[in-house]
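The structure appears right after this line, and notes come after that.
We're numbering straight along the sequence, starting at 1. Owing to the predicted nature of the structure, the values given are computational and were not obtained by experimental measurement. Side chains are part of it too, since the values below use all heavy atoms of this structure and drop only hydrogens, waters and symmetry mates.
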Amino acid sequence: MSSAPVLLESSGRIATITINRPDSRNSLNRETIRHLIEAFSTASTCADTRVVVLTGKGTEAFCAGADLAELTAGTSPESRREFFSSIATLIETISYCPVPVVAKVYGFALAGGCGLVAASDIVVAADDALFGLPEVGIGLAPMVVMAPLLRTIGFRAVSALALTGERISAAEALRVGLVSKIMPKANLDRAVSELCTTIASNGPHAVRATKKALADLAESRSLTFMGELADRSSLVSLSSEALEGIAAFREKRTAKWKAT
């Protein structure tokens, strides 16, 4: 099995990009983010590619968000901003991919992983999928990932996710519009394959033009605001509250918040 953090495979007109870090719930470190951006660039510039599938390796998680060990390894504002900016760039890369992106989701899709889902065009989820923005529970703020979520599911639903940190089921994600379709996990691969075959059989120029028009119609300040959101995320991540929250998470204890 390949040890590369991201796998890119093509079968006919369908390219599949897989986050290959199952031992860490497919979390996002700098190397993985860089390879994901490169994989999307490669797939989208291939003349034969009509649709891209984004998924994760293993059985536990699509993507559990940022790699906290790597995030906290850099303690300067510049290091933190670089990390959050790279996630913002990845979300923009998926959002502006010229061909449709189908997210094949199972298990955990949390924090940055939830942002990758929101940036995709169509989301097919297994019935065991769980979505959420748990950042506030460890003293962080889900600012960068809120941008694609606001565009996808709207203010009220994003507020509930971002301010509570609670996870929602695939059924609830379908209700609020984050998920396009739910399938039994055993049928997930087949359902995504059939969907992608349908998309790939349509007029390629018409599909690209339609995706571009949809993006233009949905475009708002939420995506053009990404740079400032990365700055704000960096500052929050360097606070004493974030240090305590992340430490508590790693030590499996309740965080001891200080009154403000």
Side-chain angles (χ1 to χ4, degrees), residues 5-7 16-37 39-40 52-71 83-84 86-95 97 101-126 128-138 140-153 157-158 161-162 164-170 172-174 176 178-180 182 185 188 192 226 229-230 233 237 246 249:
V6 174
L7 306 176
T16 300
I17 296 173
T18 305
I19 305 171
N20 186 33
R21 302 187 73 215
D23 292 341
S24 61
R25 293 182 174 181
N26 294 318
S27 61
L28 301 171
N29 60 12
R30 287 177 174 84
E31 183 185 19
T32 303
I33 294 168
R34 178 171 58 82
H35 279 274
L36 281 168
I37 292 170
F40 270 97
V52 174
V53 177
L54 175 62
T55 192
K57 194 75 171 179
T59 60
E60 188 178 2
F62 166 79
C63 175
D67 185 323
L68 292 178
E70 181 160 298
L71 171 65
F83 188 89
F84 287 110
S86 68
I87 294 178
T89 299
L90 173 57
I91 288 173
E92 290 172 333
T93 299
I94 296 170
S95 298
C97 179
V101 177
V102 176
K104 182 169 68 175
V105 183
Y106 63 90
F108 297 112
L110 306 175
C114 195
L116 302 188
V117 170
S120 302
D121 298 296
I122 300 175
V123 180
V124 184
D128 73 336
L130 291 171
F131 304 83
L133 302 178
E135 286 91 334
V136 290
I138 57 172
L140 297 174
M143 294 186 184
V144 171
V145 299
M146 287 192 302
L149 279 165
L150 274 172
R151 188 175 71 160
T152 303
I153 65 176
V158 175
L161 286 171
T164 66
E166 294 178 349
R167 298 169 183 176
I168 61 173
S169 66
E172 178 63 9
L174 178 66
V176 300
L178 180 58
V179 164
S180 310
I182 300 174
K185 193 171 185 178
L188 185 63
V192 171
M226 294 286 270
L229 292 174
S233 294
S237 76
I246 293 171
F249 175 78

Notebook entry, point to check: Do the non-hydrogen side-chain atoms of K104 and T16 ever get within less than 4.5 Å of each other?
Noted result: no

Item checked: R25 vs L110 side-chain heavy atoms within contact, under 4.5 Å -> no

Notebook entry, point to check: Can you find a pair of side-chain heavy atoms, one from L178 and one from C114, that are under 4.5 Å apart?
Noted result: yes

Next item on the list: Indicate the atoms forming the closest heavy-atom contact of F62 with A109, along with that distance.
Entry: CD2-CB, 4.0 Å

Next item on the list: May I ask you to test the L36-L28 pair for a side-chain heavy-atom distance under 4.5 Å?
Entry: yes

Check: Quick one: are L68 and L71 in side-chain contact, heavy atoms under 4.5 Å?
Finding: yes

Next item on the list: Determine whether N20 and H35 make a side-chain contact, defined as any pair of heavy atoms from C-beta on separated by less than 4.5 Å.
Entry: no

Margin query: When you compare the side chain of V105 with that of L188, does any pair of heavy atoms fall below 4.5 Å?
Written below: no

Check: Is it the case that S86 and R34 place a side-chain donor and acceptor less than 3.5 Å from each other?
Finding: no

Next item on the list: Kindly indicate, with the supporting measurements, whether the criterion side chain to side chain contact (heavy atoms under 4.5 Å, CB included) is fulfilled by F108 and R167.
Entry: CA-CA 9 Å; F108 297 112; R167 298 169 183 176; 3.3 Å; yes

Checklist line | Any side-chain heavy-atom pair of L140 and S233 under 4.5 Å | finding: no

Notebook entry, point to check: If only atom types and distance count, is the side chain of N26 paired as donor or acceptor with the main-chain N or O of K57 below 3.5 Å?
Noted result: yes

